[in-house]
2 protein chains.
Amino acid sequence: MAQTSDTSARILDAAEALFARLGFAATTIKAIGTEAGVNPALLYYYFADKQQLYQAVLDRRVGDFARRAANLPAEIAPLEGIRRLVKAQVAFMQSSPHVPRLLARELADHEAANARPVIRELSTGAFRRLCELILAGQDDGTIRPDLDPAFTAISIISQTAWFFIAQPVVSGVMGYDGGLPAEEAAQFAEHAVRFAHSAVTVRPDRKREQP
Amino acid sequence: MAQTSDTSARILDAAEALFARLGFAATTIKAIGTEAGVNPALLYYYFADKQQLYQAVLDRRVGDFARRAANLPAEIAPLEGIRRLVKAQVAFMQSSPHVPRLLARELADHEAANARPVIRELSTGAFRRLCELILAGQDDGTIRPDLDPAFTAISIISQTAWFFIAQPVVSGVMGYDGGLPAEEAAQFAEHAVRFAHSAVTVRPDRKREQP
DNA sequence: GTCTATAGCGGGATAGAC
DNA sequence: GTCTATCCCGCTATAGAC
């Protein structure tokens, strides 16, 4: 029985886990084969070489996110749009347990030969949309006009991004020594949305902040 | 003339640059020697092996930051304390152009043999202090009581952390295609402090946010 | 589609001359 | 302290049988 797609999926799964855990250079073809339960030489039947296997791993994960982020309704209240983008971001980070690490490595390796334009896709997808939402909110008076839209977009995105990518720090600091429970992530997402809304909305405030 | 310290410093500089750019596994002893302008075999005179060289690289950078973060005055207004911690964080990220990448790799590699407890030092240093500040602010009424202190600390730290670590994304998205100018980082730090203050301060606000 | 065997290269680390 | 020479290992990738 020809198990082409099944075998290649097993290879991709094993490769994803190992690339995430060890990085591109430290992951060996043999290790991937062993982890996948197939003969290492077989990898070269399905993928041209190690780099293309790596890129296939990334494409499988990042592809659907680009789709998902574009799915925001064109006309939507800015604050609600921000909430949805944060939720989509969380969903992406949780779409595989290895996504945050793969992303961290991609950030570090962005100029390496094996790197992907993941970066472009993620930014053009979500970031641009977020900037538009902020501008729209400043126009209709729901968002403070003194905020720089690009900086604000970074501030909003950073919360969830950092929460996942810095998970070894975060879980250590919060007292979970063996990785964070999934519900904690959902609660943080709630917090992140509220934190962002609170920072961003206009307010009739009399107090001055120190210069 | 015995140039012990000079030579070892040159080795550390070269190693730092290469470990940041290529990662631990992809960086070769020969490449470090060449980059440093010394004979590759000489590295083994100064450092026991590749891993200890890597750890020496990290220790050199992280050491002084742990000191710096602890330097906050014990009695300080919470909002001002937050400002200072953010500034210290920026200073650390800029203490060498390679720090953000090294940190990104350390986050991804945290369970590898070459990894350092950098993570513990950074969190116990800055994060705990930040949580204390938030709690103090909630006690004296300057900080919203409904915020979770740990989550809020993460939100504050994340802004600057992400800004630097995700620099390939950030500079691309902001239109700088060849790396970010240094002044932009200072402006972002200003923004991050204001964003955090705005999110965190109590306010006499009548509007409800959507549930 | 899957396996065995191996070519060919480049890495970390050491011995020992100077 | 610095350099040359080299050992030994494990990796990527391929050839070719089944």
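Each chain gets a letter, A, B and so on, in the order its sequence line appears, and its residues count up from 1. Keep in mind the model is a prediction, meaning the values are calculated, not measured.
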*Can you figure out which of dT2(C), dT12(D), dT2(D) approaches the side chain of Tyr44(A) most closely?*
dT12(D)
_Do Phe47(B) and Val57(B) make a side-chain contact, defined as non-hydrogen atoms from C-beta onward lying under 4.5 Å apart?_
no
_Whether Tyr46(A) contacts dT2(C) is assessed here as follows: a side-chain N or O lying under 4.0 Å from the phosphate OP1 or OP2. Is that the case?_
yes
*Distance, rounded to the nearest Å, where Asn114(A) contributes CG and dT12(D) contributes P*: 13 Å
*Rounding to a whole Å, what distance do you find between Phe47(B):CZ and dG1(D):C1'?*
14 Å
What donor-acceptor contacts under 3.5 angstrom involve side-chain atoms of residues 130-138 of chain A, with partners at least two apart or in another chain?
residue, atom, partner, partner atom, Å
Glu132(A), OE1, Arg129(A), NH1, 3.3
Gln138(A), NE2, Arg144(A), O, 2.9
Gln138(A), NE2, Leu147(A), O, 2.9

Contacts table for residues 170-182 of chain B: side-chain donor-acceptor under 3.5 angstrom, sequence neighbours left out:
residue, atom, partner, partner atom, Å
Ser171(B), OG, Gln167(B), O, 2.7
Tyr176(B), OH, Glu184(B), OE1, 3.3
Tyr176(B), OH, Glu184(B), OE2, 3.4

*Decide yes or no for Leu103(B) and Met93(B): does some side-chain heavy atom of the first lie under 4.5 Å from some side-chain heavy atom of the second?*
yes
*Take atom CG of Asp6(A) and atom C1' of dG1(C), then tell me their distance rounded to the nearest Å.*
13 Å
*asked:* Just by distance, no angles: are the side chains of Ser158(A) and Gln159(B) close enough, under 3.5 Å, to form a donor-acceptor pair?
replied: no
*Considering just the side-chain nitrogens and oxygens of Thr7(A), establish if one lies under 4.0 Å of OP1 or OP2 belonging to dG1(C).*
no
*Rounded to whole angstrom units, what separation is found between the OH atom of Tyr54(B) and the P atom of dG12(C)?*
15 Å
*DNA chain D-proximal residues of residues 15-41 of chain B, any heavy atom under 4.0 Å*: Asn39(B), Ala41(B)
*asked:* Taking the minimum atom-to-atom distance to the side chain of Lys50(B), which one of dG12(C), dG1(D), dA13(D) wins?
replied: dG12(C)
*Nearest-Å distance, CG (Leu43(A)) to C1' (dT14(D))?*
14 Å
*Crowding at CD, Glu111(B) (>12 non-hydrogen neighbours, <6.0 Å)*: yes
*asked:* Taking salt bridge (Lys or Arg N to Asp or Glu O under 4.0 Å) as the criterion, tell me which of Arg60(A), Arg21(A), Arg10(A), Arg105(A) meets it with Glu16(A).
replied: Arg60(A)
*Starting at atom CG of Leu42(A), determine the distance to atom P of dT2(C), rounded to an integer number of angstrom.*
5 Å
*Between Asp49(A) (CG) and dC11(D) (C1'), how many Å, whole number?*
14 Å
*Starting from P on dA13(D), measure out to CD on Gln52(A) and report it in whole angstrom.*
10 Å
